[in-house]
Amino acid sequence: MADNVNIQESPPEVQFAGVNRWLRENLFSSTGSAILTFVSIGALIGLFRSIIGFFISPEREWTAITYNLRLYMVQAYPESDFIRVWITIGLVMGLLGLTWGFNSVNEKSSLKSTGTTLMKVFSSLFLLVLIAPTSVVIDKVEGTVVDVFQQELRIYLLAVLAGLILVSYFIRTKLASQEVSKDYLNIGYVGLLVVSIWLIKVPTVTFDSSNVRIEPDPLLPLAASTKNPWTALYLLLVVTFFIGRYLNSKNLTSFKRILPVSWLLTPLVVVTWIYRKPDFTLSQITTLDLPVILGFSAIGYLVINYLNSEKLMQYQRYFVYGSLIIAVVVFSLPVLRQLKLLFFLLWILISVAPTIANSKESARSLFIVWSVAITILILLMRGGTSETLIVVPGSSIYGGFALTWVLAFFGIAISFPFGVMLALGRTSSLPIIRIICTAIIELVRSVPFITWLFFGSVMLTFFLPAGVEFDEVVRAVVVTSIFSAAYLAENVRGGLQSISKGQFEAADAVGLSTLQRISLIVMPQALRAVIPPIVSQVISLFKDTSLVAIVGLFDLLYIGSKVIPNQSQGANFLGTIQENILFCAIFYWIFTYSFARRSMKIEKRLGLGER
Amino acid sequence: MSIIQSIDVKKWYGDFQALKGITMDVAEGEVLVICGPSGSGKSTFIRCINRLEQHQDGQIIVDGIELTNDLKNIEAIRSEVGMVFQSFNLFPHLTVLQNITLAPIWVRKKSKSEAEEKAMELLERVGIPEQADKFPGQLSGGQQQRVAIARALAMEPKIMLFDEPTSALDPEMIKEVLDVMKELAQSGMTMIVVTHEMGFAKEVADRVMLFDEGQLVEQNTPEEFFNNPESDRTKLFLSQIL
């Protein structure tokens, strides 16, 4: 008997019972379900047929999109400065490669899953080609029928796809045990994309020397004018991936800190220096910025090293209040914006330095962080506050997808910390902070986003000190982030409420300070609990950026719905609104869906501790 | 030399008076067991000792520091007093090892390797070194409570408070936690234990107290307390639970 106790039985293997049984159990289990199955399959086929018909109908002017891709991406950004756009993308690609390589865990993936994915893709394409309509009605009144899909082409495509399905089936079954590095597989997938922009040809509008449109439209590669830079960027991605992996193998821990900081700085450098062409002279930096940097570094040095001495410690409170008053006074004076910000930062430094810089070592690192931070800040502001030398028609050098990107990125990046602070403020035990935060949240939430956009665009100037005026894009970013922060704050507050009282008590009992309790115990758990609502908020913020068209900015959707359908010079795209809106929808979908997929993965990974 | 002194401590929840003037002291190295029916104020009292609850009248002096609203005093006392809860209250988003090293790293400013070394030592002591990299949710109740004890010990406290540490456990797991606590008591730790485990009280305690309706009814050595209880309330209590 005793011997039997430890015998572990393995669970019975679940075997796939065959297509017939699966169909019977899942689709045709009763008469009712069989009817339902047939009806829904019929409806789906009908729906797909009409959608495909819409796409391939000769009425569709898809050249409106291929011809205007540049407009969609950067709007009126002058061609002579395109190198700035490419440098921007290059920076991101380089960092992406470094991060990817540095964090690569050399995960292996069996070819079975690859084969399954390929099979799913090719089978879906096969089905789509199979049900595609042969002809479509182009004039609803007269009922004119036009052939759009020749039978030979269909058979040819079906044969090719069937071959591909067979190949992927072969990979799935015969090569299933083969393992490949997931990283190489992903590099390969991106490489396929790059190859496809060379190979896939689409109709494009071209003009002859006397500016007359050449008919019919010739077929040119998808990214005819940009395929060289894209290929170079792909190579950059691959090279930086291997550099990142090499650095990881060298065990450079300092690089671990440099990476996130670079990610944080890149967008700032991009919008203040690279994407624009700041107008300044070198003497402005040497005579204005350098003394300021040195001066504030020196003040910072004194604060960090001497404020926590016995003698001055008892007056620390007065230093904090004094520096705050100075900061407020300087803010209302007509001085450089750099100075206004620096005095506020100095106030923060004076408040936190005595507690952080409690040893020689931490004082030294705090001083380094302070000097580097103010240097970067001053230089960024020098670029950002100068006039741009790039001349574009309209109110802003940002337009198209570049504008959507800037709004979404900065909207999210600013609203996140702001929203978390609002949530903490609203749950704070300090009454004044609680009332202020509650008031901000309720006020912002109860007025429509568009109203706030108008407010930012038209009325904000009245509330700012004289002479302070922000770019239209900056105002839109500010409004977007504040609006989103209010909603985010409520989501985070929901997460905060899900943390049990015991967690607070346990954190207190081991002696954590309030700040440590919030940042180490409460926030990580609260944010984890509200990932799904935060993700849907980020997605809706990304889409809501299209509303800035209302204050005169040219975002992606505005270009698609108003600008291109009204183009009548050169290529005539009057009335191509259906194509353009559809393109915008697909464009938004690609971004938001990949974002949702990514967050699902993150959620799965973070959920580990909850089991 | 008493390490904890409590003088006429009173505490109200709204109109309900939970503590009606508790005066007692605990000597260094003493193991004190507090028992009593639910709602008698025993948990409230030990939670006052590290200021998880605020007393409204009277004085509590821990290791020479009086508990007031001064945050510095509270933090100083909390890092001297370890606490183990009925519901474990481990941090679910951190591994066992991270749970234990968190406070030494952030409060005591120890280096990570030093804190981890100490944590492994403690896990060895409570008998579950192999669980170091698991998350609390993957452990049994008894194992979680032992991790909680290790977490409290990692701060090298002078005093350990146990708030019904075995009440949420299956009978089989109670023993493994009590064994750890016995070992701790023998090592000379000052301990205040709120529990219904009378076996533990008989075997380990230096002194046993009975709380009822916010008052300290009786205190005595375990032999006297269990064999010759003085008050009727104690006799009734013992007859009901033994």
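Computed from a predicted structure; not experimentally measured. Labels below follow one simple rule: chain letters A, B, ... track the order of the sequence lines, proteins then strands, and each chain is numbered from 1.
Taking chain A as the reference chain and counting heavy-atom pairs below 4.5 Å, the highest number among B:Val107, B:Thr95, B:Ile74 is found for B:Val107.
Within residues 36-53 of chain B, the residues having any heavy atom closer than 4.5 Å to a heavy atom of chain A are B:Arg47, B:Asn50, B:Leu52, listed by residue number. Of residues 77-85 of chain B, those residues with a non-hydrogen atom less than 4.5 Å from any non-hydrogen atom of chain A are, in numerical order, B:Arg78, B:Val81, B:Met83, B:Phe85.
Partners of A:Thr99 according to the side-chain contact (heavy atoms from CB on, under 4.5 Å) rule, which considers only residues two or more places apart in sequence or in another chain, are A:Asn103, A:Leu259, A:Trp263.
Taking all atoms of both residues into account, the shortest heavy-atom contact from B:Phe91 to A:Ala506 is CE2-CB, 3.9 Å. Residues A:Leu512 and B:Ala103 approach most closely at CD2-CA, 4.4 Å, considering heavy atoms.
No more than 12 heavy atoms of other residues, nucleotides or ligands lie within 6.0 Å of CD1 in A:Ile432, so this atom counts as exposed by the packing criterion. The number of heavy-atom neighbours closer than 6.0 Å to OH of A:Tyr318, taken from other residues, nucleotides and ligands shown, is 12 or below. Applying the 6.0 Å contact sphere to CZ of A:Arg434 captures more than 12 heavy atoms from other residues, nucleotides or ligands. Within 6.0 Å of CH2 in B:Trp106 there are 12 or fewer heavy atoms belonging to other residues, nucleotides or ligands. Heavy atoms of other residues, nucleotides or ligands lying less than 6.0 angstrom from NZ of B:Lys175 number 12 at most. Heavy atoms from other residues, nucleotides or ligands lying under 6.0 Å from CG of A:Leu515 number 12 at most. At most 12 heavy atoms of other shown residues, nucleotides or ligands fall within 6.0 angstrom of atom CD in B:Glu117. For CD of B:Glu172, the number of neighbouring non-hydrogen atoms (other residues, nucleotides, ligands) closer than 6.0 Å is 12 at most.
Taking CD of B:Glu75 as the start and OG1 of A:Thr514 as the end, the distance is 6.5 Å to the nearest 0.5 Å. Rounding to the nearest 0.5 Å places CG of A:Leu520 at 8.0 Å from CG of B:Leu94.
Both the backbone and the side chain of A:Gln503 come within contact range of chain B, judged by heavy atoms closer than 4.5 Å. Neither the backbone nor the side chain of A:Ser500 has a heavy atom closer than 4.5 Å to any heavy atom of chain B.
Within the structure, side-chain hydrogen bond (donor to acceptor under 3.5 Å, both in side chains) pairs that include any residue of residues 421-432 of chain A comprise A:Arg426-A:Glu442, A:Arg426-A:Glu490 (at least two apart or interchain).
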